[in-house]
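Side chains are part of it too, since the values below use all heavy atoms of this structure and drop only hydrogens, waters and symmetry mates.
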Amino acid sequence: MELINEAFDKFKDMQDEVVDCLLELLRLMNEVERAVFKRDSNLQTRIRKKELTAAEISNEYDALWADYREECKRIAEPRCTEKLRKKGCVRSFSDVPMYGYIDDPEDCRGTFSMETAKKAVVEFRFTNHSSVRFMHRFTLVPSGDTWLVDAFSYGTEKEGVWHRGHI
């Protein structure tokens, strides 16, 4: 993935440290989403084969969602601020994870910017191989010897508006 460094000169060398913290979070979230999608696919197969009662299906989906949210909370806890965690996490899953673009160097372009020692911004623009240009923006803040994701925004280039989101 192409990553353009637009930080002020005195912060240019911070790019790897900040972006690595963010990419670790996004990769872990992708892994969980892929596992949940696989689990859901297996459940769908069992439903088609009529192996489960309605009550069992309900229980299986309740457990799937509870496990998904719990695992994402566990991942976010040391990597996101409380402010962002309060917004909740994961409200969907798909065969293409929400942050799957980070693994697609042909489709994703990123920028790193930092004007003060108290905040860094990483933006990604990607299409997910559609005609829509999507945008994700992550604001990170220092915390001890690491960087935490403090805010997440999303939008499309056509719309040109950033919407606050959850991790």
Side-chain angles (χ1 to χ4, degrees), residues 1-7 11-45 61 64-81 83-85 87-114 119-143 145-167:
M1 153 188 11
E2 178 186 7
L3 190 62
I4 300 165
N5 191 327
E6 295 180 348
F11 300 116
K12 283 198 180 287
D13 63 340
M14 297 295 296
Q15 175 181 304
D16 289 343
E17 179 182 340
V18 174
V19 173
D20 286 351
C21 288
L22 174 61
L23 291 178
E24 176 188 26
L25 168 67
L26 301 183
R27 283 188 183 105
L28 290 169
M29 297 294 273
N30 283 346
E31 285 176 22
V32 173
E33 187 170 351
R34 285 183 183 105
V36 167
F37 183 79
K38 183 177 180 179
R39 187 172 158 189
D40 176 67
S41 296
N42 292 337
L43 184 55
Q44 290 294 327
T45 299
Y61 273 112
L64 180 141
W65 278 101
D67 293 348
Y68 186 27
R69 286 191 178 103
E70 191 58 39
E71 184 64 12
C72 288
K73 285 178 188 177
R74 184 191 66 74
I75 291 168
E77 178 79 29
R79 295 171 181 89
C80 299
T81 62
K83 177 182 102 176
L84 182 58
R85 291 191 322 262
K87 291 183 174 284
C89 54
V90 298
R91 295 190 177 110
S92 65
F93 57 86
S94 173
D95 61 331
V96 178
M98 181 164 174
Y99 310 112
Y101 56 84
I102 65 170
D103 298 322
D104 190 345
E106 300 298 315
D107 186 45
C108 182
R109 176 176 47 96
T111 58
F112 169 78
S113 61
M114 190 169 173
K119 179 176 90 170
V121 176
V122 180
E123 288 183 15
F124 296 107
R125 294 177 188 254
F126 56 97
T127 64
N128 277 342
H129 303 284
S130 72
S131 61
V132 178
R133 297 274 319 153
F134 298 99
M135 310 179 303
H136 281 180
R137 175 187 288 162
F138 299 87
T139 303
L140 293 94
V141 295
S143 177
D145 61 349
T146 192
W147 286 82
L148 302 179
V149 180
D150 188 52
F152 169 68
S153 302
Y154 64 93
T156 64
E157 285 186 354
K158 181 178 180 181
E159 184 182 40
V161 176
W162 289 104
H163 304 280
R164 290 289 184 173
H166 59 82
I167 198 68

Got a second to check how far Cys72's SG is from His166's NE2, nearest 0.5 Å? 10.5 Å
Step by step, work out the side-chain contact (heavy atoms from CB on, under 4.5 Å) result for Asn42 and Gln44. CA-CA 5 Å; Asn42 292 337; Gln44 290 294 327; over 6 Å; no
Distance (rounded to the nearest 0.5 Å) between Glu31 CD and Ile75 CD1: 7.5 Å
Would you say that Asp103 contacts Arg27 through its side chain, given a criterion of any heavy-atom pair below 4.5 Å between the two side chains? yes
State, to 0.1 Å, how close Glu6 and Thr111 come at their nearest heavy-atom pair, and which atoms those are. OE2-CG2, 4.0 Å
When rounded to the nearest 0.5 angstrom, what distance separates CD in Glu24 from CE in Met29? 12.5 Å
Can you see whether His136 engages Tyr101 through a side-chain donor-acceptor pair at a distance of less than 3.5 angstrom? yes
Check: Met1 and Ile102 side chains under 4.5 Å, non-hydrogen atoms: yes
Given side chains that start at C-beta, do those of Leu28 and Arg79 come closer than 4.5 Å, heavy atoms only? yes
Does the gap between the ring centers of Trp65 and Phe93 come in under 6.0 Å? yes
So which heavy atom on Gly165 is nearest to which on Leu84, and how close? O-CD1, 3.9 Å
What I'd like to find out is whether the side chain of Phe124 reaches to under 4.5 Å of the side chain of Leu22, using heavy atoms alone. yes
Report yes if the side chains of Ile167 and Tyr99 come closer than 4.5 Å at any heavy-atom pair, otherwise no. yes
Please tell me if the side chains of Val18 and Phe112 come closer than 4.5 Å, counting only heavy atoms from C-beta onward. yes
Between CD on residue Glu2 and CD on residue Glu106, distance to nearest 0.5 Å: 11.0 Å
Apply the test side-chain contact (heavy atoms from CB on, under 4.5 Å) to residues Asp104 and Phe126: give CA-CA distance (whole Å), side-chain angles for both, the deciding distance (0.1 Å), then the verdict. CA-CA 9 Å; Asp104 190 345; Phe126 56 97; over 6 Å; no
Atom pair CG/CG of Leu25 and Asp20 - distance to nearest 0.5 Å: 12.5 Å
Ring centres under 6.0 Å, that's the criterion: do His163 and Tyr154 meet it? yes
Taking the side chain as every heavy atom from C-beta outward, state whether Arg85 and Lys73 have any atom pair closer than 4.5 Å. no
Does Arg69 form a salt bridge (charged side-chain N to carboxylate O under 4.0 Å, His left out) with Glu71? I'd like the steps, not just the answer. CA-CA 6 Å; Arg69 286 191 178 103; Glu71 184 64 12; over 6 Å; no
Where do Pro97 and Asn30 come nearest, in terms of heavy atoms and distance? CB-OD1, 3.2 Å
Nearest heavy-atom contact between Glu33 and Tyr68 is CG-OH, 3.5 Å
Is atom NZ of Lys12 surrounded by more than 12 heavy atoms (other residues, nucleotides or ligands) closer than 6.0 Å? yes
State, without any angle test, whether Asp150 and Thr81 hold a side-chain donor-acceptor pair at a distance under 3.5 Å. yes
Using every non-hydrogen atom in the two residues, find where Met135 and Trp162 come nearest and quote the distance to one decimal. CB-CH2, 3.3 Å
Heavy-atom nearest pair, Arg133 first then Thr127, reads NH1-CG2, 3.2 Å
How long is the gap from CZ on Phe138 to OG on Ser153, to the nearest 0.5 Å? 9.5 Å
Would a 4.5 Å heavy-atom cut-off, applied to side chains only, mark Cys80 and Leu148 as touching? no
Where do Arg74 and Glu77 land on the salt bridge (charged side-chain N to carboxylate O under 4.0 Å, His left out) test, with the steps shown first? CA-CA 5 Å; Arg74 184 191 66 74; Glu77 178 79 29; over 6 Å; no
